[in-house]
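To start, the structure itself, in C-alpha coordinates.
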Amino acid sequence: MTQVLAPVSGQVHPLSVVADEIFSSEMVGSGVCLRPGPDPQTAVAPVDGELVQIHPHAFVVSNRGRGVLVHLGVDTVKLLGEGFEKLAAKGDQVTQGQPLIRWNPAGVETQGYPSDVIVCVLDTPPGSIATKSVGTAVNTGDLLFELPDSLEARR
Amino acid sequence: MIERTVTVQHREGLHARPAALFVQTAKASGLPVAIAREGEEAVDATSILSVMQIGIRQGDTVTISVEGNGAEDALDALVQQLEQS
(Lines give C-alpha, C1' and ligand atoms only; values in the text may rest on other atoms or scores of the structure.)
Protein backbone atom coordinates (compact mmCIF):
# COMPACT_ATOMS: atom_id res chain seq x y z
CA MET A 1 0.00 0.00 0.00
CA THR A 2 1.52 3.28 -1.13
CA GLN A 3 0.32 6.53 0.37
CA VAL A 4 -0.28 9.29 -2.16
CA LEU A 5 0.05 12.72 -0.55
CA ALA A 6 -1.69 15.93 -1.59
CA PRO A 7 0.64 17.76 -4.00
CA VAL A 8 -1.15 21.05 -3.27
CA SER A 9 -3.60 22.30 -0.66
CA GLY A 10 -7.28 22.57 -1.53
CA GLN A 11 -10.76 21.13 -1.44
CA VAL A 12 -10.98 17.51 -2.62
CA HIS A 13 -13.54 16.67 -5.31
CA PRO A 14 -14.19 13.64 -7.51
CA LEU A 15 -12.52 13.83 -10.93
CA SER A 16 -15.99 14.05 -12.47
CA VAL A 17 -16.07 17.81 -11.68
CA VAL A 18 -13.15 18.53 -14.03
CA ALA A 19 -14.09 20.43 -17.19
CA ASP A 20 -12.15 18.07 -19.47
CA GLU A 21 -13.70 14.70 -20.27
CA ILE A 22 -10.28 13.09 -20.67
CA PHE A 23 -9.83 13.53 -16.90
CA SER A 24 -13.46 13.53 -15.69
CA SER A 25 -14.09 10.15 -17.36
CA GLU A 26 -10.89 8.85 -15.68
CA MET A 27 -9.60 7.79 -19.11
CA VAL A 28 -6.13 8.92 -18.03
CA GLY A 29 -6.46 7.18 -14.67
CA SER A 30 -8.43 7.07 -11.44
CA GLY A 31 -7.89 9.78 -8.85
CA VAL A 32 -9.22 13.06 -7.48
CA CYS A 33 -9.46 16.76 -8.27
CA LEU A 34 -8.08 19.36 -5.86
CA ARG A 35 -9.51 22.89 -5.95
CA PRO A 36 -6.77 25.15 -4.66
CA GLY A 37 -7.18 28.55 -3.05
CA PRO A 38 -6.06 31.60 -5.05
CA ASP A 39 -2.69 32.13 -3.37
CA PRO A 40 0.59 31.20 -5.05
CA GLN A 41 1.85 27.82 -3.87
CA THR A 42 4.35 25.06 -4.56
CA ALA A 43 3.28 21.66 -5.83
CA VAL A 44 5.17 18.76 -4.23
CA ALA A 45 5.86 15.12 -5.12
CA PRO A 46 2.90 12.94 -3.99
CA VAL A 47 5.06 9.79 -3.84
CA ASP A 48 8.73 8.82 -3.81
CA GLY A 49 10.11 7.82 -7.17
CA GLU A 50 11.52 8.92 -10.49
CA LEU A 51 10.30 12.15 -12.03
CA VAL A 52 9.65 10.55 -15.41
CA GLN A 53 8.13 13.69 -16.91
CA ILE A 54 7.92 17.35 -15.95
CA HIS A 55 6.36 20.20 -17.89
CA PRO A 56 5.79 23.66 -16.42
CA HIS A 57 2.14 22.77 -15.73
CA ALA A 58 2.29 19.02 -15.01
CA PHE A 59 4.50 16.18 -13.86
CA VAL A 60 4.53 12.40 -13.44
CA VAL A 61 6.31 10.55 -10.63
CA SER A 62 6.75 6.83 -11.18
CA ASN A 63 6.71 4.67 -8.05
CA ARG A 64 7.44 0.98 -8.59
CA GLY A 65 6.05 1.06 -12.11
CA ARG A 66 2.98 3.17 -11.34
CA GLY A 67 2.83 6.76 -12.58
CA VAL A 68 1.10 9.44 -10.54
CA LEU A 69 0.16 12.43 -12.70
CA VAL A 70 -0.26 15.88 -11.18
CA HIS A 71 -1.76 18.34 -13.69
CA LEU A 72 -1.98 21.95 -12.51
CA GLY A 73 -5.08 23.51 -14.04
CA VAL A 74 -7.13 22.45 -17.07
CA ASP A 75 -5.77 23.06 -20.60
CA THR A 76 -2.83 24.90 -19.03
CA VAL A 77 -0.49 23.43 -21.66
CA LYS A 78 -1.68 26.45 -23.66
CA LEU A 79 -0.07 28.86 -21.19
CA LEU A 80 3.31 27.65 -22.50
CA GLY A 81 4.83 27.74 -19.04
CA GLU A 82 3.89 31.31 -18.19
CA GLY A 83 3.31 31.62 -14.44
CA PHE A 84 4.93 28.26 -13.64
CA GLU A 85 8.43 27.58 -12.37
CA LYS A 86 9.95 24.09 -12.49
CA LEU A 87 12.09 23.21 -9.47
CA ALA A 88 13.31 19.81 -10.65
CA ALA A 89 14.30 18.08 -13.88
CA LYS A 90 13.09 15.05 -15.80
CA GLY A 91 14.86 11.93 -14.57
CA ASP A 92 15.43 13.21 -11.02
CA GLN A 93 14.81 10.84 -8.12
CA VAL A 94 12.36 12.70 -5.89
CA THR A 95 11.04 12.14 -2.40
CA GLN A 96 7.49 12.58 -1.14
CA GLY A 97 6.87 16.23 -0.29
CA GLN A 98 9.73 17.56 -2.41
CA PRO A 99 8.84 20.91 -4.06
CA LEU A 100 8.53 20.46 -7.85
CA ILE A 101 6.62 23.39 -9.38
CA ARG A 102 5.83 26.90 -8.12
CA TRP A 103 2.61 28.29 -9.56
CA ASN A 104 -0.20 30.76 -9.05
CA PRO A 105 -3.79 29.39 -9.22
CA ALA A 106 -5.28 32.92 -9.34
CA GLY A 107 -3.04 33.75 -12.29
CA VAL A 108 -4.26 30.65 -14.15
CA GLU A 109 -7.90 31.64 -13.52
CA THR A 110 -7.20 35.22 -14.68
CA GLN A 111 -5.96 33.83 -18.00
CA GLY A 112 -9.25 32.00 -18.42
CA TYR A 113 -8.36 28.46 -17.37
CA PRO A 114 -9.74 26.49 -14.38
CA SER A 115 -7.09 26.06 -11.67
CA ASP A 116 -8.35 22.56 -10.76
CA VAL A 117 -5.46 20.22 -9.98
CA ILE A 118 -5.82 16.68 -11.29
CA VAL A 119 -4.10 13.92 -9.31
CA CYS A 120 -4.50 10.51 -10.91
CA VAL A 121 -2.76 7.17 -11.14
CA LEU A 122 -2.01 6.53 -14.82
CA ASP A 123 -3.46 3.47 -16.53
CA THR A 124 -5.78 2.53 -13.65
CA PRO A 125 -9.45 1.73 -14.39
CA PRO A 126 -12.12 4.33 -13.51
CA GLY A 127 -13.23 4.10 -9.88
CA SER A 128 -10.29 1.96 -8.82
CA ILE A 129 -8.98 4.46 -6.27
CA ALA A 130 -10.94 4.70 -2.99
CA THR A 131 -11.24 8.42 -2.43
CA LYS A 132 -12.24 8.85 1.19
CA SER A 133 -10.76 12.34 1.15
CA VAL A 134 -13.45 13.64 -1.25
CA GLY A 135 -15.44 16.41 0.46
CA THR A 136 -12.62 17.37 2.80
CA ALA A 137 -9.99 20.09 2.65
CA VAL A 138 -6.35 19.01 2.64
CA ASN A 139 -3.06 20.75 3.19
CA THR A 140 -0.03 20.10 1.04
CA GLY A 141 1.52 16.80 2.19
CA ASP A 142 -1.65 15.41 3.82
CA LEU A 143 -2.71 11.87 2.87
CA LEU A 144 -4.86 12.13 -0.27
CA PHE A 145 -5.51 8.47 -1.07
CA GLU A 146 -3.89 5.07 -0.88
CA LEU A 147 -2.71 3.05 -3.82
CA PRO A 148 -3.73 -0.57 -3.17
CA ASP A 149 -1.09 -3.24 -3.77
CA SER A 150 -3.37 -4.74 -6.43
CA LEU A 151 -2.80 -1.63 -8.55
CA GLU A 152 0.93 -1.52 -8.13
CA ALA A 153 3.57 -2.63 -10.59
CA ARG A 154 1.72 -3.39 -13.77
CA ARG A 155 4.88 -4.90 -15.19
CA MET B 1 4.48 -6.80 -37.69
CA ILE B 2 3.81 -3.68 -39.69
CA GLU B 3 5.04 -0.20 -38.92
CA ARG B 4 4.79 3.34 -40.18
CA THR B 5 6.78 6.48 -39.50
CA VAL B 6 5.02 9.83 -39.10
CA THR B 7 5.72 13.38 -38.02
CA VAL B 8 3.66 14.52 -35.04
CA GLN B 9 1.54 17.59 -35.80
CA HIS B 10 -0.02 18.41 -32.41
CA ARG B 11 0.97 21.98 -31.64
CA GLU B 12 1.70 21.31 -27.96
CA GLY B 13 3.07 17.83 -28.58
CA LEU B 14 1.52 14.66 -27.20
CA HIS B 15 0.38 16.23 -23.91
CA ALA B 16 -2.24 14.66 -21.66
CA ARG B 17 -5.24 14.86 -23.99
CA PRO B 18 -3.76 13.58 -27.27
CA ALA B 19 -1.66 11.05 -25.35
CA ALA B 20 -4.73 9.63 -23.61
CA LEU B 21 -6.69 9.46 -26.88
CA PHE B 22 -3.78 7.81 -28.68
CA VAL B 23 -3.39 5.19 -25.94
CA GLN B 24 -7.14 4.56 -25.94
CA THR B 25 -7.04 3.88 -29.68
CA ALA B 26 -4.04 1.58 -29.23
CA LYS B 27 -5.82 -0.34 -26.44
CA ALA B 28 -9.06 -0.55 -28.43
CA SER B 29 -7.22 -2.43 -31.18
CA GLY B 30 -6.60 -5.28 -28.76
CA LEU B 31 -3.21 -5.73 -30.43
CA PRO B 32 0.35 -5.15 -29.22
CA VAL B 33 1.23 -1.59 -30.25
CA ALA B 34 4.59 0.10 -29.79
CA ILE B 35 5.78 3.65 -30.39
CA ALA B 36 9.32 4.93 -30.71
CA ARG B 37 10.73 8.38 -31.27
CA GLU B 38 13.45 8.44 -33.93
CA GLY B 39 16.67 7.05 -32.49
CA GLU B 40 15.04 5.83 -29.27
CA GLU B 41 13.79 2.51 -27.97
CA ALA B 42 10.18 1.54 -28.61
CA VAL B 43 7.75 1.62 -25.68
CA ASP B 44 4.33 0.10 -25.05
CA ALA B 45 1.78 2.40 -26.74
CA THR B 46 -1.06 1.02 -24.59
CA SER B 47 0.49 2.58 -21.46
CA ILE B 48 -0.22 6.28 -20.79
CA LEU B 49 2.77 6.29 -18.45
CA SER B 50 5.12 5.09 -21.20
CA VAL B 51 3.75 7.49 -23.81
CA MET B 52 3.86 10.49 -21.43
CA GLN B 53 7.38 9.56 -20.39
CA ILE B 54 8.69 9.91 -23.96
CA GLY B 55 7.23 13.43 -24.07
CA ILE B 56 6.64 13.59 -27.83
CA ARG B 57 6.77 17.13 -29.25
CA GLN B 58 5.45 18.74 -32.40
CA GLY B 59 7.70 17.88 -35.31
CA ASP B 60 9.07 14.70 -33.71
CA THR B 61 9.34 11.71 -36.01
CA VAL B 62 7.87 8.57 -34.46
CA THR B 63 7.44 5.01 -35.64
CA ILE B 64 4.34 3.07 -34.66
CA SER B 65 4.33 -0.70 -34.96
CA VAL B 66 1.39 -3.07 -34.65
CA GLU B 67 1.24 -6.83 -34.72
CA GLY B 68 -1.56 -9.26 -35.51
CA ASN B 69 -4.88 -9.53 -37.35
CA GLY B 70 -6.27 -6.10 -38.21
CA ALA B 71 -2.93 -4.38 -37.72
CA GLU B 72 -3.39 -2.35 -40.90
CA ASP B 73 -6.67 -0.78 -39.71
CA ALA B 74 -5.26 -0.12 -36.26
CA LEU B 75 -2.20 1.54 -37.77
CA ASP B 76 -4.38 3.76 -39.98
CA ALA B 77 -6.33 4.99 -36.95
CA LEU B 78 -3.19 5.64 -34.88
CA VAL B 79 -1.36 7.46 -37.68
CA GLN B 80 -4.41 9.62 -38.34
CA GLN B 81 -4.42 10.77 -34.70
CA LEU B 82 -0.79 11.80 -34.75
CA GLU B 83 -1.19 13.67 -38.02
CA GLN B 84 -4.00 15.82 -36.62
CA SER B 85 -2.89 19.16 -35.29
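Computation of the quantities below employed the complete heavy-atom set of this structure, encompassing side-chain atoms and omitting hydrogens, waters and symmetry-equivalent molecules. Sequence lines set the chain letters: A, B, ... in the order given, protein chains first and strands last, and positions in each chain run from 1.
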Q.
Is any side-chain heavy atom of A:His71 closer than 4.5 Å to one of B:His15?
A. no
Q) What part of A:Leu69 is in contact with chain B, defined as an atom under 4.5 angstrom from a non-hydrogen atom: side chain, backbone, both or neither? A) side chain
Q | Connected via hydrophobic side-chain network under 4.5 Å: B:Ile2 and B:Val6 | A | yes
Q) So if you build clusters from Ile, Leu, Val, Met, Phe, Trp, Tyr with side-chain heavy-atom gaps below 4.5 Å, do B:Val79 and B:Val43 land together? A) yes
Q: With a 4.5 angstrom heavy-atom cut-off, could you sort out which part of B:Gln53 is near chain A: side chain, backbone, both or neither?
A: both
Q | Same apolar cluster (I L V M F W Y, side chains within < 4.5 Å links), A:Phe59/A:Leu79 | A | yes
Q. Do B:Ile54 and B:Val33 share a hydrophobic cluster, counting only Ile, Leu, Val, Met, Phe, Trp and Tyr and linking them when any side-chain heavy atoms are less than 4.5 Å apart?
A. yes
Q: Give a yes or no on this: more than 12 heavy atoms of other residues, nucleotides or ligands lie within 6.0 Å of atom CD of B:Gln80.
A: no
Q.
If we ignore hydrogens and angles and just use 3.5 Å, is the side chain of A:Lys78 paired with the main-chain N or O of B:Glu12 as donor and acceptor?
A. no
Q | A:Glu82 atom CD, neighbour heavy-atom count above 12 within 6.0 Å | A | no
Q: Determine, using the 4.5 Å side-chain heavy-atom cutoff (strictly less than), whether A:Leu87 and A:Val52 are members of one ILVMFWY cluster.
A: no
Q.
Tell me whether A:Asp123 contacts the main-chain N or O of B:Ser47 through its side chain, where contact means a donor paired with an acceptor under 3.5 Å.
A. no
Q: Would you mind checking which part of A:Val60 comes under 4.5 Å of any heavy atom in chain B, side chain (CB onward), backbone (N, CA, C, O), both or neither?
A: side chain
Q.
Quick check: closest heavy atoms across A:Ile22 and B:Ala16, and the distance to 0.1 Å?
A. CG2-O, 4.5 Å
Q | Nearest heavy atoms of B:Leu49 and A:Gly65, plus distance in Å | A | CD2-O, 3.6 Å
Q) Is the side chain of A:Gln53 donor-acceptor paired with the backbone N or O of B:Met52 at a distance under 3.5 Å, no angle test? A) yes
Q: Take A:Met27 and B:Ile48 through the test side chain to side chain contact (heavy atoms under 4.5 Å, CB included) and record every step on the way to the result.
A: CA-CA 10 Å; A:Met27 185 196 288; B:Ile48 295 175; 5.7 Å; no
